[in-house]
Amino acid sequence: METVTAIRQLCDHVGQTVRLRGWVYHSRPGGKITFLVLRDGTGLCQCVIEKNDASAGFYDDIKRLAQESSLEVTGTVSADERSTGGFEVRVSDARVIHPARDYPITPKAHGIEFLMKHRHLWFRSKRPWHVLRIRSTVVDQIRRFFNDNGYVLIDTPIFAPAAGEGSQTLFKVDYFGEEVYLAQTGQLYLEAACMAHGKVYCFGPTFRAEKSKTRRHLTEFWMVEPEIAFASLDDVLNVAEDFICSIAERVLRDHRDELVELGRNLEDLQAIKKPFYRVTYSQAAELLRGPKSKALLESDLKEKSIRLGELDQRITDLESTAKSGSASQWAKDKAAAEAIELREERSELQEQIGNIPHHIELAQNFEWGGDLGGSDETIISRLHDRPVFVTHYPKHCKAFYMREDRSDERVVENFDLLAPQGFGEIIGGSAREEDYDRLLARINHEHLPQADYEWYLDLRRYGSVPHGGFGLGVERTVAWLCGLKHIRETIPYPRMMGKFYP
RNA sequence: UCCCCGAUAGCUCAAUGGUAGAGCGAGCGGCUGUUAACCGCUAGGUUCUAGGUUCGAAUCCUAGUCGGGGAGCCA
């Protein structure tokens, strides 16, 4: 194969002649000079093609090349601050590999529906490119953390005979005429394996048939679940804390540029250090009902209302500029473009403002015993500048296998980890009930078929020990780290309710 | 399953119940060390579907389809 230089490595080739292969990211063709931004998978590089250059027989071919055409160019590298990426290549020769036509994703704004339909092409755009690289690093760090800390990888089955926790939210599969389900967790299987290996984890896709259409839900997502023998709830919390810190550090170390490009506030991520906050469910309930939570939302409401007023004024001004006879065409266009952006912000703001009173009401009237809602989690996480563990939820709203708190049997030794800045839950975990009688009582109480859980009960018959673990949602974690609103952008091909194309 | 919002040119969006528009993209030409460049011209529409109200519907009403956001549930 001929020598081809990666754009990322151009810094090592200043002054040299190199060959690049890639796609046209953007081009500004002209009569005498054409600027063409080339994308090769490792980065972007501006290529300058001047018609006057000696062997410029290819000039007109290059000039007409449309977005995403593939080509090979040869030229001299120089450092140039005016250029995308800091380097540019003055082209002495070029060869078109495939001329594209009418690439659908133009350098202008597009809606999410359109982009998702073109997910296979959208990969090439900057934002998905950054996000999926960060995802790749997060996944690598997850594996590294557990492999380096003495955990054994146990692959759990995707075809599962019975519901892991609840039921009804699973995908049914016809398994040679019998009914099985796509796994929603590997946890129960892991518990068995951790009695053999001490510390284990599983990592793979998991499936939920919940009919949720929200920014936090996918029907197919990736989850990593560690399980640890001889561990108390505190031990598990400590592992989760170290684990999250290691991921945040790694992403900050390897993807500073990408995070900046995505507009992520780096200070927020640098603040992800031990110790995280630990509050019990009961304390969280107090916090929600208390003055701090109300004050937060009320000041929110005030700020957003002020902003809304500013927006209205600005939009009115822009609209009159856009229609004014005296303004230049250029000024009118800019005004119209800005108005469109601001209208979008206004409509989001209006929705948020409309929801705040409801959220205040939910928080103020929160009663002990109910599960924390999405808005409640948001409030709790926004009242803290680092991740928050919420522990000891009421027993009746949690799964049967969670360990009863021996000092308060109304609650179980579980926890959720809420990511800061209002991102909400990224981890759910617990100590598992190790006592045979208590576990059996819970199984019966939930009307679960005992026969299906005999193997699971065996773990409490033969050398039962305290143990626990948790599950981390990869997409939610990546969305939080990248500062994305919606998790659909953090997985290459999102699967959501009613959507599976492409 | 429930609640709220939306659907107008390839894309992003305008349009008091009264002749359907702009920018980008596409095509042609000009110009330029350009940065989402700029300037001129051209093409581009069954206003989601089916009914209804009206002299007249993109606009109002009903139903449906699809999409967005949220509730429940959860990673």
Side-chain angles (χ1 to χ4, degrees), chain A residues 25-37 44 46 48 50 64 66-67 80-85 88 90 101-118 165-166 168-169 184-185 205-225 319 322-323 328-330 332-341 343-344 347-348 350-352 354-355 358-359 362 370-375 377 397-399 416-417 419 423-429 470-480 485-488 496-499:
Chain A
Y25 191 75
H26 190 65
S27 91
R28 287 179 288 281
K32 289 172 188 156
I33 185 167
T34 289
F35 298 96
L36 185 153
V37 177
L44 298 174
Q46 173 163 285
V48 184
E50 283 207 59
R64 299 217 171 277
Q67 198 185 352
D80 195 318
E81 285 190 0
R82 294 171 296 185
S83 194
T84 306
E88 70 177 29
R90 190 169 187 109
R101 273 189 63 83
D102 298 327
Y103 183 69
I105 304 176
T106 63
K108 291 288 174 179
H110 299 278
I112 190 65
E113 183 185 0
F114 180 82
L115 291 170
M116 277 301 173
K117 264 185 195 158
H118 295 84
E165 333 191 330
Q168 270 128 34
T169 56
Q184 66 164 349
T185 171
T206 191
F207 307 89
R208 306 277 164 95
E210 290 153 8
K211 293 190 174 176
S212 301
K213 282 171 61 176
T214 80
R215 66 186 63 190
R216 305 189 306 282
H217 287 88
L218 297 167
T219 53
E220 176 183 315
F221 64 98
W222 283 65
M223 183 160 71
V224 59
E225 299 174 90
E319 280 170 349
K323 283 175 188 162
S328 69
Q329 188 60 47
W330 180 86
K332 286 186 197 174
D333 295 348
K334 290 290 173 202
E338 192 182 342
I340 286 172
E341 271 179 39
R343 270 191 216 104
E344 192 175 327
S347 116
E348 259 182 47
Q350 276 173 335
E351 191 174 337
Q352 289 170 7
N355 283 332
H358 182 52
H359 291 165
L362 283 175
D371 213 344
L372 295 173
S375 63
E377 287 183 353
C397 52
K398 287 295 161 185
D416 284 349
L417 178 67
F423 264 85
E425 183 178 349
I426 57 174
I427 287 182
F470 61 85
L472 170 111
V474 170
E475 288 75 20
R476 287 186 180 180
T477 303
V478 175
W480 162 56
K485 280 195 303 188
H486 202 302
I487 65 172
R488 65 189 152 205
M496 292 175 287
M497 194 180 119
K499 280 213 292 209

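Below, chains carry the letters A, B, ... as their sequence lines are ordered, and counting in each starts from 1.
At a threshold of 4.0 angstrom between heavy atoms, the contacts of Gln67(A) with the nucleic acid are absent. Contacts of Glu88(A) with the nucleic acid, taken as non-hydrogen atoms under 4.0 Å apart, include base atoms. At a threshold of 4.0 angstrom between heavy atoms, the contacts of Arg90(A) include nucleobase atoms, whether or not backbone atoms are also involved. The residue Pro29(A) sits close to a base: some heavy atom pair falls under 4.0 Å. Looking at heavy-atom distances under 4.0 Å, Ser212(A) makes contact with a base. Counting non-hydrogen atoms under 4.0 angstrom, Ile33(A) reaches a base of the nucleic acid. Looking at heavy-atom distances under 4.0 Å, Glu210(A) makes contact with a base. The residue Ile427(A) sits close only to the backbone: its heavy atoms come under 4.0 Å of sugar-phosphate atoms, none of a base. If you check every strand for non-hydrogen atoms under 4.0 Å, His486(A) touches sugar and phosphate atoms only. The residue Lys499(A) sits close only to the backbone: its heavy atoms come under 4.0 Å of sugar-phosphate atoms, none of a base.
Taking only side-chain nitrogens and oxygens, Arg215(A) never comes nearer than 4.0 Å to OP1 or OP2 of G68(B). Side-chain N/O atoms of Lys211(A) include one lying less than 4.0 angstrom from OP1 or OP2 on U1(B).
For Arg216(A), counting side-chain heavy atoms from C-beta on, the closest listed nucleotide (C74(B), U34(B), G68(B)) is C74(B). Across A37(B), G72(B), C74(B), the shortest atom-to-atom separation from the side chain of His26(A) is found for A37(B). Comparing A75(B), C73(B), U35(B) against the side chain of Phe221(A) picks out A75(B) as the nearest. Nearest to the side chain of Asp371(A), among C73(B), G70(B), U1(B), sits C73(B). Of the candidate nucleotides G33(B), G68(B), G25(B), G33(B) has the atom lying nearest to any side-chain atom of Arg82(A). In this structure, of A37(B), A75(B), G67(B), it is A75(B) that holds the atom nearest to the side chain of Arg476(A).
Mapping Ser375(A) and Ser83(A) onto RNA chain B by nearest heavy atom places Ser83(A) at the nucleotide closer to the 5' end. Between Met497(A) and Glu475(A), the residue anchored closer to the 5' end of RNA chain B is Met497(A), taking for each the nucleotide with the nearest heavy atom.
Taking atom C1' on both nucleotides, A50(B) is separated from C11(B) by 28 Å, rounded to a whole Å.
Pairing partner, U42(B): A26(B), with both Watson-Crick or wobble hydrogen-bond distances short of 3.5 Å.
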